[in-house]
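The structure appears below as structure tokens.
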Amino acid sequence: MKPMLRAEGLTKRYGPVLAVSNVSFAVRSGAITGFLGPNGAGKSTTMRLFLGLDRASGGSAHIDGKPIHEWPVPARKIGAVLDTQCAHPSRRAIDSVRWAARLAGVKDDQAEVLLDRVGLSAVAGKRAGRFSLGMRQRLALAIALVGNPEVVMLDEPMNGLDPEGIAWMKGLLRQFRDQGRTVFVSSHLLAEMEDLVDDLVVIAQSKIVGAGAAQAFIQRYQTQTVSVQCDNPQALGAAITSAGGRLVSLADAQRLQITGLEPDAVGRLAQTTGVAIYELREERSLQKAFSMATAEKAEIKGEVG
Ligand SMILES: Nc1ncnc2c1ncn2[C@@H]1O[C@H](COP(=O)(O)OP(=O)(O)OP(=O)(O)O)[C@@H](O)[C@H]1O
């Protein structure tokens, strides 16, 4: 596989701060790769280094085999949104897109099409200064697309979007992938990425702590609990622990949370113990396990999966 993005030994220091430390990873062409890590982990800095917006202290960040400045028209290779404030507040949306196209050295005749693509046709003539955060995200995306790029790189694109906006953004990123583009998107929330990404690159405290298929990572960090509401938690709790289950907490007087047993096993134990169940459900938690894994001093070695 020829990677579309490749970081090798990438390092960035800001004075005493090591923002990115000897980072190496590869991003597959034609897939959506999530760049996941807690706040301050080094995601934005890594993206800036790929885009040539900052100079690396060491190592390399290549797009399709070479640094961005070696591509004659970088906007055709990669389009990025690192900041939603990229349009001038007093400029009309349509003019911002045209202006960005001219700056990038590509034709500016697609501005209407791009605004339509991001759902901003109705406000094409409005000034960006009046736009909501969601509208600014859309405008920034239209600007990133002026060169019809092969790679789309987005820093925390779901931030500040409402559920409808998040669903829209995910749909658009899937469309990009279906068109054969490479999508590289950062987030600090694993749950937000779960149903979107094919692959994950995970960074914590400026170092890569895992990379590979998203599914393998999700399975590894998914915790499953069974939550039960019943008429006799003490009796059921005792039966569960003697059957090898673990009581995570007694959420309230009548509710037990259990790990280590499947829901049907819990149901059968209740039946044999003569406990009446009012409610039994399976709960999954992804973010908690991920947060613990990337917390201070945590180290996950090697490939995921
Ligand atoms: N220009 C800068 N000068 C000094 N320190 C910086 C600079 N840019 C980033 N840093 C530091 O580098 C580290 C990594 O920051 P970075 O913004 O890359 O993280 P991040 O994973 O994108 O987090 P966030 O989601 O909070 O933006 C942080 O400690 C940050 O304070």
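Atoms within each ligand, like the ligands themselves, are counted from 1 in listed order. Because the structure is a prediction, the values reported are computed rather than measured.
The presence of a protein heavy atom under 4.0 Å from atom 4 (C) of ligand 1 is confirmed.
Remark: the Glu283 side chain and the Gln257 side chain contain an N/O donor-acceptor pair separated by less than 3.5 Å. No hydrogens or angles considered: a donor-acceptor pair under 3.5 Å links the side chains of Ser187 and Glu192. In summary, the side chains of Thr11 and Asn22 do not present any donor paired with an acceptor at a separation below 3.5 Å, with no hydrogens or angles considered.
Counting heavy atoms under 4.0 Å from ligand 1, residue His188 does not touch it at all. Contact annotation for Ser206 and ligand 1: no heavy atom of the residue comes within less than 4.0 Å of the ligand.
Residue Gly40 holds the heavy atom nearest to atom 13 (C) of ligand 1 of all those in Pro38, Pro16, Gly40. With atom 18 (O) of ligand 1 as the reference point, the heavy atom nearest to it among Thr46, Val17, Thr45 is part of Thr45. With Gly15, Ser44, Ser186, Gly42 as candidates, the residue nearest to atom 27 (O) of ligand 1 on a non-hydrogen basis is Ser44.
The number of heavy atoms from other shown groups lying within 6.0 Å of CD (Glu282) is above 12.
Taking the ring centre of Phe176 as origin, the terminal cationic atom of Arg181 falls inside the region bounded by 6.0 Å and 45° from the ring axis.
Checked against Val151 for a side-chain contact (heavy atoms from CB on, under 4.5 Å), the options Val183, Thr182, Asp64 give a single hit: Thr182.
Among the atoms of Ala19, none of the N or O lies under 3.5 angstrom from an N or O of ligand 1.
Contact atoms of ligand 1 toward Glu156: 25 (O) (distance under 4.0 Å to a heavy atom of the residue).
Nearest to atom 1 (N) of ligand 1 among the protein's heavy atoms is Tyr14 CE2, 3.5 Å. Taking atom 25 (O) of ligand 1 as the reference point, the nearest protein heavy-atom neighbour is Asn39 ND2, 3.2 Å.
Ring geometry, Phe184 versus Phe25: the interplanar angle falls under 30°, so the pair is classed parallel (tilted spans 30 to 60°).
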